[in-house]
Q: 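One structure follows; several queries about it will come next.
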Number of protein chains: 2
Amino acid sequence: MTELKQMPGHLIRRYQQIAVAVFHRQVDPLGLDLTPVQFAALNTLRVHKDIDQATLAGLIAYDRTTITGVIDRLTAKGLVDRKISPTDRRARVVSLTAEGEAALDRVMPAVEEAQTVMLQGLDAREQQVFMELLTKATEATNDLSRAPLIPLATPEPTEGAE
Amino acid sequence: MTELKQMPGHLIRRYQQIAVAVFHRQVDPLGLDLTPVQFAALNTLRVHKDIDQATLAGLIAYDRTTITGVIDRLTAKGLVDRKISPTDRRARVVSLTAEGEAALDRVMPAVEEAQTVMLQGLDAREQQVFMELLTKATEATNDLSRAPLIPLATPEPTEGAE
DNA sequence: TACTAATCATCAGTATACTGATTATCAACG
DNA sequence: CGTTGATAATCAGTATACTGATGATTAGTA
């Protein structure tokens with residue numbers, strides 16, 4: 001496998017660059033000045049209210065260091081609010097502002113369209129297979145990343161199945 | 001598709017981060033101080049001798065701006081040589097040094113192992129399907145990137161095809 | 001309680017990637 | 001030959017990502 005174009009790592013890097021370009025192509029015309037990472041943070045904060053930065057990082061597989069800057073910028077834009085946790089003074093609890101909520105509503109359709117564009121080379125069946133295999137490959141190697149995905153602890157741990 | 005984990009863009013970003021981590025896990029112990037992008041450049045320069053930076057960028061789908069820094073660092077390490085093109089004084093012709101060649105030889109097995117690790121969650125059949133679909137999806141969206149893959153002009157242009 | 005280990009956020013430094021601008025050079029054309 | 005447009009490389013500025021370190025705080029424990 002000395003051929004670069006046959007290496008998964010190389011293809012993934014290229015595809016990620018394309019994903020970012022497609023995101024901006026869809027989102028920038030809205031004039032919202034959001035990046036893919038910033039969108040992911042906003043989207044997650046709508047579902048999980050009042051979580052600290054470390055938890056947020058785990059939910060989206062960010063590096064803890066990276067998220068400091070991301071939240072800095074989202075705060076500067078007034079889209080999120082960051083304050084010291086009342087239960088742990090080390091932690092910073094992040095939450096969406098009303099502006100953040102509105103921005104998320106506006107950007108959502110564009111982001112969904114971007115996902116469609118990303119997969120435009122594949123037919124419906126291929127898209128499904130691709131997403132399944134990508135999910136499977138990612139889950140199997142999740143722990144090899146410095147910033148693994150860390151789901152919230154589920155209240156009821158299902159025995160046997162994980 | 002409001003679920004982040006179902007968005008191809010999000011999964012691709014995660015998988016790319018994993019790819020980088022796996023690369024370093026395999027390569028760093030060799031003490032070579034190479035990044036995935038630097039490896040791709042070296043690997044391509046072995047196949048294509050004496051090409052300028054713009055051509056190299058096209059062959060690996062780099063941004064022209066990015067490659068300036070990459071070649072800077074590879075030059076500083078003594079792995080590549082950069083000189084003004086004898087036929088076009090705007091262009092810089094890049095070539096592997098003997099040290100670059102040796103580094104590439106040393107790092108190659110580690111990089112190949114990294115590709116295997118990346119795909120460890122998939123069986124042989126799934127790996128093949130995944131790579132095919134990833135290649136197809138990437139090719140279909142190549143032109144949406146600021147840094148598309150630009151193959152070398154083939155000597156014989158196939159008629160009919162665009 | 002005092003000590004130690006762990007955790008949260010942040011900082012410093014480096015390496016991709018991007019946008020947009022600039023300089024040097026080349027190509028094309030009248 | 002001179003002007004115009006395109007191209008190669010680079011620079012300035014911003015945003016991820018990473019490594020490794022630090023300060024503040026919490027948790028665990030003797």
Side-chain angles (χ1 to χ4, degrees), chain A residues 9-10 12-25 28 33-41 51-58 60-77 82-94 144-148 150, chain B residues 9 13-25 28 33-41 51-58 60-77 82-94 144-148 150:
Chain A
H10 177 68
I12 288 291
R13 184 187 62 80
R14 281 185 55 202
Y15 201 39
Q16 212 270 328
Q17 286 180 202
I18 292 167
V20 173
V22 169
F23 179 96
H24 284 295
R25 176 178 296 231
D28 288 359
D33 187 30
L34 281 180
T35 66
V37 171
Q38 290 169 14
F39 162 77
I51 53 178
D52 63 20
Q53 294 183 186
T55 304
L56 175 58
I60 338 183
Y62 285 11
D63 192 280
R64 297 255 198 91
T65 301
T66 300
I67 213 165
T68 296
V70 174
I71 299 299
D72 280 351
R73 289 180 280 276
L74 287 174
T75 302
K77 291 180 211 172
R82 167 170 47 185
K83 41 188 140 182
I84 294 175
S85 166
T87 59
D88 185 343
R89 288 215 305 268
R90 292 170 302 180
R92 303 287 180 274
V93 171
V94 185
L144 302 181
S145 172
R146 159 150 157 172
I150 306 171
Chain B
R13 185 188 62 82
R14 282 185 55 203
Y15 201 40
Q16 212 271 326
Q17 286 180 201
I18 292 167
V20 173
V22 169
F23 179 96
H24 285 295
R25 177 178 294 233
D28 287 359
D33 185 30
L34 280 181
T35 66
V37 171
Q38 289 167 15
F39 163 77
I51 52 179
D52 62 22
Q53 293 183 189
T55 304
L56 175 58
I60 338 182
Y62 285 12
D63 193 279
R64 296 254 199 93
T65 300
T66 301
I67 214 167
T68 296
V70 174
I71 299 299
D72 278 351
R73 289 178 281 276
L74 287 174
T75 302
K77 291 179 210 172
R82 168 170 48 187
K83 41 187 139 179
I84 295 176
S85 164
T87 60
D88 183 342
R89 289 217 305 270
R90 292 171 302 180
R92 302 288 180 275
V93 171
V94 184
L144 301 181
S145 171
R146 159 150 156 170
I150 305 171

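Proteins come first, then strands; the chains are lettered A, B, ... in the order of their sequence lines, and each starts at number 1. Since this is a predicted model, take the numbers as computed values, not measurements.
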Q: Could you give the CZ-to-P distance, from A/Phe39 to D/dA15, as a whole number of Å?
A: 19 Å

Q: Establish, with yes or no, whether the OP1 or OP2 oxygen of C/dT16 is under 4.0 angstrom from a side-chain nitrogen or oxygen of A/Gln16.
A: no

Q: Could you check how far CG of A/Asp63 sits from C1' of C/dT7, rounded to whole Å?
A: 15 Å

Q: Could you state the CD1-P distance from B/Ile84 to D/dA9, rounded to the nearest angstrom?
A: 11 Å

Q: Would you indicate what B/Arg82 reaches in the nucleic acid, counting non-hydrogen atoms under 4.0 angstrom: base, sugar-phosphate, or nothing?
A: sugar-phosphate

Q: Measure the spacing between CG of A/Leu144 and CD1 of B/Ile18 and express it to the nearest 0.5 Å.
A: 7.0 Å

Q: Describe the nucleic acid contact of B/Thr35 in one word from base, sugar-phosphate, nothing, applying a heavy-atom distance below 4.0 Å.
A: sugar-phosphate

Q: In terms of side-chain heavy atoms of A/Thr65, which of C/dC18, D/dT25, D/dG20 is nearest?
A: D/dG20

Q: What nucleotide among C/dC26, D/dT10, C/dT16 has an atom nearest to a side-chain atom of B/Asp88?
A: C/dC26

Q: Between A/Arg64 (CZ) and D/dA21 (P), how many Å, whole number?
A: 17 Å

Q: Applying a 4.0 Å non-hydrogen cut-off, can you work out what B/Val70 is touching in the nucleic acid: base, sugar-phosphate, or nothing?
A: sugar-phosphate

Q: Give the rounded distance in Å between these two atoms: CD1 of B/Ile71 and C1' of C/dT16.
A: 13 Å

Q: Is a side-chain donor-acceptor pair under 3.5 Å present for B/Thr75 with B/Asp72?
A: no

Q: Looking only at N and O atoms, is any donor in the side chain of B/Arg89 or the base of C/dT25 less than 3.5 Å from an acceptor on the other one?
A: no

Q: Can you figure out which of C/dA24, D/dA9, C/dA6 approaches the side chain of A/Arg90 most closely?
A: C/dA6

Q: DNA chain C: B/Gln38 or A/Ala91, which has the more 5' nearest nucleotide?
A: A/Ala91

Q: Can you tell me the distance, in whole Å, between the CD1 atom of B/Ile51 and the P atom of D/dA8?
A: 13 Å

Q: If the cut-off is 4.0 Å, is A/Thr68 near the phosphate of C/dT10, judged by side-chain N/O to OP1 or OP2?
A: yes

Q: Of A/Ile18 and A/Asp52, whose closest DNA chain C nucleotide lies nearer the 5' terminus?
A: A/Asp52

Q: How long is the span from the CG atom in A/Leu74 to the CD1 atom in A/Ile67, to the nearest 0.5 Å?
A: 9.0 Å

Q: Check whether any side-chain heavy atom of B/Gln53 lies under 4.5 Å from a side-chain heavy atom of B/Val70, and answer yes or no.
A: no

Q: Tell me the interatomic distance from A/Arg14, atom CZ, to C/dA17, atom P, rounded to whole angstroms.
A: 13 Å

Q: D/dT16 P sits how many Å from A/Asp72 CG, rounded?
A: 11 Å

Q: Between atom CZ of A/Arg89 and atom CD1 of A/Ile84, what is the distance when rounded to the nearest 0.5 Å?
A: 8.0 Å

Q: In terms of side-chain heavy atoms of B/Gln17, which of D/dA17, D/dT25, D/dA8 is nearest?
A: D/dA17

Q: Rounded to the nearest 0.5 Å, how far apart are OH of A/Tyr15 and OH of B/Tyr15?
A: 14.0 Å

Q: Out of D/dA17, C/dT25, D/dG20, which nucleotide sits closest to the side chain of B/Arg13?
A: D/dA17

Q: Both A/Pro36 and B/Ala54 contact DNA chain D. Which one's nearest nucleotide lies toward the 5' end?
A: B/Ala54

Q: Tell me which nucleotide among C/dT25, D/dA9, D/dG20 gets nearest to the side chain of A/Arg146.
A: D/dG20

Q: Nearest heavy atom decides the nucleotide; on that basis, is A/Arg73 or A/Thr87 closer to the 5' end of DNA chain D?
A: A/Arg73

